[in-house]
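Inspection log for the structure reproduced underneath, given as structure tokens.
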Amino acid sequence: MNYSTAEFLFSLLNQRVQKLPREFYDRDTQLVARELLGKFLIHKTGDIERIGKIVEVEAYLGEHDLPAHSAKGRTARTEIMFGPPGHTYVYLIYGIHHCMNVVTEREGHASAVLLRAVEPVKNLEGRTNGPGLLCRAMGIDKRLNGHDLLSDDFYIAESEAEKFSTVKGPRIGVDYAKHWAKRHLRFYIKGNAFVSKP
DNA sequence: CTCGGGATGCGT
DNA sequence: CGCATCCCGAGG
């Protein structure tokens with residue numbers, strides 16, 4: 001695998017990389033979504049460490065947000081979304097692909113941020129520009145549902161602040177959701193080549 | 001229990 | 001645009 005520009009930059013900053021604290025996630029979901037851009041998703045399995053830089057996300061705003069799974073209420077499936085912030089919500093969609101979310105805000109708020117795309121930094125194979133592709137490349141599946149992101153094997157970290165512009169727009173694949181479909185709850189790094197649908 | 005549909009991705 | 005492929009949640 002090539003020593004990519006992103007990996008080179010990451011190695012330079014490696015000593016300063018810090019795991020995001022619980023308080024990061026325990027804030028307004030749209031704010032968390034925007035601030036997740038540029039952060040590093042890190043997953044260690046065995047002796048392999050996979051790293052991707054988050055470049056595209058979507059915010060899902062709790063029980064009243066029609067496309068949010070928590071809009072169905074508290075069920076076995078959505079229980080994680082109603083739980084404390086800083087945990088993962090991973091589910092299988094269309095029987096094929098996995099999607100990864102980060103639970104936000106206080107317990108009971110039932111909000112989350114969907115990770116839609118990452119830029120490969122380390123040990124990622126295949127495409128990463130979509131929620132299902134991202135999970136495949138990062139080795140993420142339902143076994144990681146409910147995982148605490150303050151753990152040492154699966155977490156999100158920040159490095160030195162990187163300058164970029166953020167683009168916002170309607171979420172993908174929720175056209176059925178009336179006025180909720182029109183809200184600009186999707187955010188991505190402007191000009192980044194790994195965004196799913198620029 | 002059955003059944004309809006989905007925060008996707010890929011091929012036609 | 002069709003379809004893979006399975007889980008979920010609603011309804012009987």
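Just so it is clear, the values below take in all heavy atoms, side chains as well, and ignore hydrogens, waters and symmetry mates. A, B, ... follow the sequence lines: proteins, then strands. Residue 1 opens every chain.
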Check the distance between B:dG9's C1' and A:Phe194's CZ and give it to me in whole angstrom.
-> 18 Å
How long is the line joining CG of A:Leu66 and C1' of B:dG6, in whole Å?
-> 13 Å
First of A:Lys142 and A:Ile96 reached from the 5' end of DNA chain C, by closest nucleotide | A:Ile96
In whole angstroms, the gap separating C1' of B:dG9 from NE2 of A:His98 amounts to 14 Å
How does DNA chain B read in dot-bracket, base by base from 5' to 3', with Watson-Crick or G-U pairs under 3.5 Å and | used when the partner is on another strand?
-> ||||||.||||.
Would you say A:Ile140 and A:Leu41 make side-chain contact, with heavy atoms under 4.5 Å?
-> yes
Walk me through it: do A:Asn129 and A:Glu56 pass the test side-chain contact (heavy atoms from CB on, under 4.5 Å)?
-> CA-CA 9 Å; A:Asn129 56 331; A:Glu56 179 186 352; over 6 Å; no
Is a donor on one side and an acceptor on the other found under 3.5 Å between the side chain of A:Lys39 and the backbone of A:Ile54?
-> no
When you measure from the side chain of A:Thr78 to the backbone N and O of A:Met81, does any donor-acceptor pair fall under 3.5 Å?
-> no
Kindly say if A:Tyr176 contacts the phosphate of B:dG5, meaning a side-chain N or O under 4.0 Å from OP1 or OP2.
-> no
May I ask you to check if A:Arg27 and A:Phe24 form a cation-pi contact, with NZ or CZ under 6.0 angstrom from the six-membered ring centre and within 45° of the axis?
-> yes
Does a sphere of radius 6.0 Å around CZ in A:Arg136 hold more than 12 heavy atoms from other residues, nucleotides or ligands, not counting ones at 6.0 Å or beyond?
-> no
For A:Arg171, answer base if it contacts any base atom (sugar-phosphate contacts may also be present), sugar-phosphate if it contacts only those atoms, and nothing otherwise; contact means non-hydrogen atoms under 4.0 Å.
-> nothing
Which of the following nucleotides, B:dC10, B:dA7, C:dG9, is nearest to the side chain of A:Asn101?
-> B:dA7
Provide, to the nearest angstrom, the distance between the CG atom belonging to A:Asn145 and the P atom belonging to B:dA7.
-> 16 Å
Could you check which residues of residues 78-94 of chain A get a heavy atom under 4.0 Å from DNA chain C? Sort them by number, please.
-> A:Thr78, A:Leu92, A:Tyr94
What integer distance in Å separates A:Arg74:CZ from C:dG9:C1'?
-> 17 Å
Is there side-chain contact between A:Val57 and A:Arg116, with heavy atoms separated by less than 4.5 Å?
-> no
Nearest whole angstrom, please: distance from the C1' of B:dG9 to the CD1 of A:Ile172.
-> 13 Å
Kindly say if A:His69 contacts the phosphate of C:dC8, meaning a side-chain N or O under 4.0 Å from OP1 or OP2.
-> no
Take atom NE2 of A:His97 and atom C1' of C:dC7, then tell me their distance rounded to the nearest Å.
-> 14 Å
Tell me what A:Pro67 touches on the nucleic acid: a base, only sugar-phosphate, or nothing, going by heavy atoms under 4.0 Å.
-> base
What integer distance in Å separates A:Leu133:CG from B:dA7:P?
-> 17 Å
Would you call A:Tyr155 and A:Asp148 a side-chain contact if the rule is heavy atoms closer than 4.5 Å?
-> no
Do A:His87 and A:Arg22 touch side chain to side chain, with heavy atoms closer than 4.5 Å?
-> yes
Any sub-3.5 Å donor-acceptor pair from A:His147's side-chain atoms to A:Thr88's backbone N or O?
-> no
Hey, is the side chain of A:Arg136 poking within less than 4.0 Å of OP1 or OP2 on B:dG9, counting only N and O atoms?
-> no
